[in-house]
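Down below is the structure, laid out as structure tokens.
All values derive from a computational prediction rather than experimental measurement.
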Amino acid sequence: MYTVAREPPLAAVLSPEFQDTYCATCFSEIDASQSDSEILTCDDCTQVSYCSLKCQRKDWKTVHQLECEILRGTSQKMTVTMRLCVRVLLSTIGKSDIDGLETNYKEFRSSPKHNQFLSDVLTIIKASGHNIFPKSMDNNKMIAIICTVLCNSFGIIAEKRVEPIGSGLYVGLAKHNHSCASSCHVVFDGNQAILRSRDRQYCKNTTISYVSRMLPTFERQKSIRNVHFITCRCEMCLNEDLDLTGLASKCQTSKCQGFVKNGSCTTCGKSALIPFEQSTQSTSKLLDILENRHKSMDTVQDEYRHLQNLREDYGRILADCNVAILQLDEQLAYCASEMKNVPEDMELVALRGVQHFISRLGIGAPEVTRRLYIACKCLSRLQKYSMEIPKLAVQSSLESHGEDHPISKFLADLVDEEEA
């Protein structure tokens, strides 16, 4: 694959749980344990941190000198999306950068839930930003811009954490249509979005996936429908066998390695341990738990224990190929790679679910590369391990991320060191 476009965000905001550990300007990780690291926090609002004075000055000049006044002037807790809306509004004063992007204005205004959100953002702006925005920027214009953010923003993934750490608006990317079975894909380097394609030349008609392909079809379609008001019917959404595998449960035979995806176990032929409806509900519940896990965890050790308990509970009923279990195993592996003490079952934690990732999306998919990267981080902490997975990870990363991406460089160095 080839890098056909690289785009900085028009505006971007970190999620609250990452605002002290990532730079608000470039989204690079701030490591407080390094003696040469520099952590600069805004003294006035205390809601943004920076990796350098250069980044702090750039953000202040670009938008934060205005944003800071709004953050200090409101008592309402602002979500990531609210803050992104404010940043985009501030960044587009007197400009036409986002003209032509989809707004879904009528649909959002007709939705009670979305209409309440629009009202909340306007209330914050009117209360604490009335001296910032020009009078010519009336409510309807502001609402249109907020609607533009709602249906065009992207979750910014920290590739080494394998999860979104914030949200941003990318004007160029937003012009591409969605397909879960997309012809291109997007990866990130800091807050820079990188468009990777199988064709050398950029094409406006290429599609990208707006949602994670590690979600079951009904979850992907719901996510798209909530902001774009359409139902995706792409090749992946119509692949019933893939979806049944992603929602699979355990069979009634103890310790059987098979799974039930269509009435009977693929190995022993026995029926499912739980009804399909319960498997679907349990999958959704676990995915929701995983998405919100940072809100209650204090340390990586606490998080690891919490995830282990979830694995024990849900692993009794959901199959190892279930998409929620796969994401749970991925997060367990990430925690294991970050812990000071190496878990006794590190190799098991590192590799569990990897082959199911590959079977679902194939080598070269960004989701597969991230999972292989995490597996390699775990394996690199062991004294002895097979080079099969690291070599596979290098192959996948070169296709999904490109040779210049930090993940690809880490994996290539890992293989070179072991073979030296």
Has [X] got a side-chain atom pairing as donor or acceptor with [Y]'s backbone, closer than 3.5 angstrom?
| X | Y | answer |
| --- | --- | --- |
| Ser282 | Ser279 | no |
| Arg87 | Met82 | no |
| Thr369 | Ser396 | yes |
| Ser15 | Glu17 | no |
| Asn322 | Thr283 | no |
| Thr148 | Ala144 | yes |
| Gln252 | Leu273 | no |

Can you name the closest pair of heavy atoms from [X] and [Y] and give their distance?
| X | Y | value |
| --- | --- | --- |
| Cys51 | Cys55 | SG-SG, 3.8 Å |
| Thr267 | Gly258 | OG1-CA, 3.1 Å |
| Cys180 | Ser209 | CA-OG, 3.9 Å |
| Phe117 | Leu150 | CE2-CD2, 3.7 Å |
| Arg371 | Ala350 | NH2-O, 3.0 Å |
| Phe229 | Asn226 | CZ-O, 3.9 Å |

Do [X] and [Y] touch side chain to side chain, with heavy atoms closer than 4.5 Å?
| X | Y | value |
| --- | --- | --- |
| Leu242 | Met236 | yes |
| Leu173 | Glu7 | yes |
| Glu163 | Gln331 | no |
| Ile325 | His356 | no |
| His185 | Val187 | yes |
| Glu67 | Arg83 | yes |
| Ile165 | Gln19 | no |
| Thr280 | Phe218 | yes |

Exercise for review: For the pair Tyr304 and Leu332, evaluate side-chain contact (heavy atoms from CB on, under 4.5 Å) and give the outcome as yes or no after the intermediate values.
Suggested key: CA-CA 6 Å; Tyr304 187 72; Leu332 264 169; 3.5 Å; yes

Practice item. Any chance you could lay out the side-chain contact (heavy atoms from CB on, under 4.5 Å) test for Leu307 and Tyr334, step after step, and finish with the verdict? Key: CA-CA 11 Å; Leu307 293 173; Tyr334 174 77; over 6 Å; no

Exercise for review: Assert yes or no for the condition that the ring centre distance of Phe154 to His176 is strictly below 6.0 Å.
Suggested key: no

Exercise for review: May I ask you to check whether Phe27 and Phe188 place their ring centers less than 6.0 Å from one another?
Suggested key: no

Review point. Which is it for Thr207 and Ser179 under the side-chain hydrogen bond (donor to acceptor under 3.5 Å, both in side chains) test, yes or no, and what are the steps along the way?
Key: CA-CA 6 Å; Thr207 56; Ser179 172; 4.5 Å; no

**Study point:** Stepwise side-chain hydrogen bond (donor to acceptor under 3.5 Å, both in side chains) check, Glu235 with Asn239
**Key:** CA-CA 6 Å; Glu235 179 184 343; Asn239 190 335; over 6 Å; no

Review point. Can you tell me if CG on Asp43 sees more than 12 non-hydrogen neighbours from other groups inside 6.0 Å?
Key: no

Exercise for review: Answer yes or no: are there more than 12 heavy-atom neighbours, outside Gln301 itself, under 6.0 Å from its atom CD?
Suggested key: yes

Distance only, no hydrogens: is a donor on one side chain within 3.5 Å (strictly under) of an acceptor on the other, for [X] and [Y]?
| X | Y | answer |
| --- | --- | --- |
| Thr41 | Ser49 | yes |
| Arg220 | Thr217 | yes |
| Asp302 | Thr299 | yes |
| His405 | Glu159 | no |
| Tyr50 | Asp59 | yes |

Check your understanding: Could you go step by step and tell me if Asp329 and Gln327 meet the side-chain hydrogen bond (donor to acceptor under 3.5 Å, both in side chains) rule?
Key -> CA-CA 5 Å; Asp329 285 341; Gln327 292 184 55; over 6 Å; no

Check your understanding: Would you call the rings of His178 and Tyr210 parallel, tilted or perpendicular, where under 30° means parallel and over 60° means perpendicular?
Key -> tilted

Are [X] and [Y] within salt-bridge range, i.e. N to O under 4.0 Å?
| X | Y | result |
| --- | --- | --- |
| Lys160 | Glu29 | no |
| Lys409 | Asp416 | no |
| Lys261 | Asp241 | yes |

Review point. Passes side-chain contact (heavy atoms from CB on, under 4.5 Å), Glu219 versus Ser284? Steps please.
Key: CA-CA 8 Å; Glu219 290 284 3; Ser284 292; 3.0 Å; yes

Exercise for review: Test Asp97 against Ser91 for side-chain hydrogen bond (donor to acceptor under 3.5 Å, both in side chains), laying out the working first.
Suggested key: CA-CA 9 Å; Asp97 294 1; Ser91 300; over 6 Å; no

Check your understanding: Step by step, would you call Ser52 with Gln56 a side-chain contact (heavy atoms from CB on, under 4.5 Å)?
Key -> CA-CA 6 Å; Ser52 65; Gln56 185 177 31; over 6 Å; no

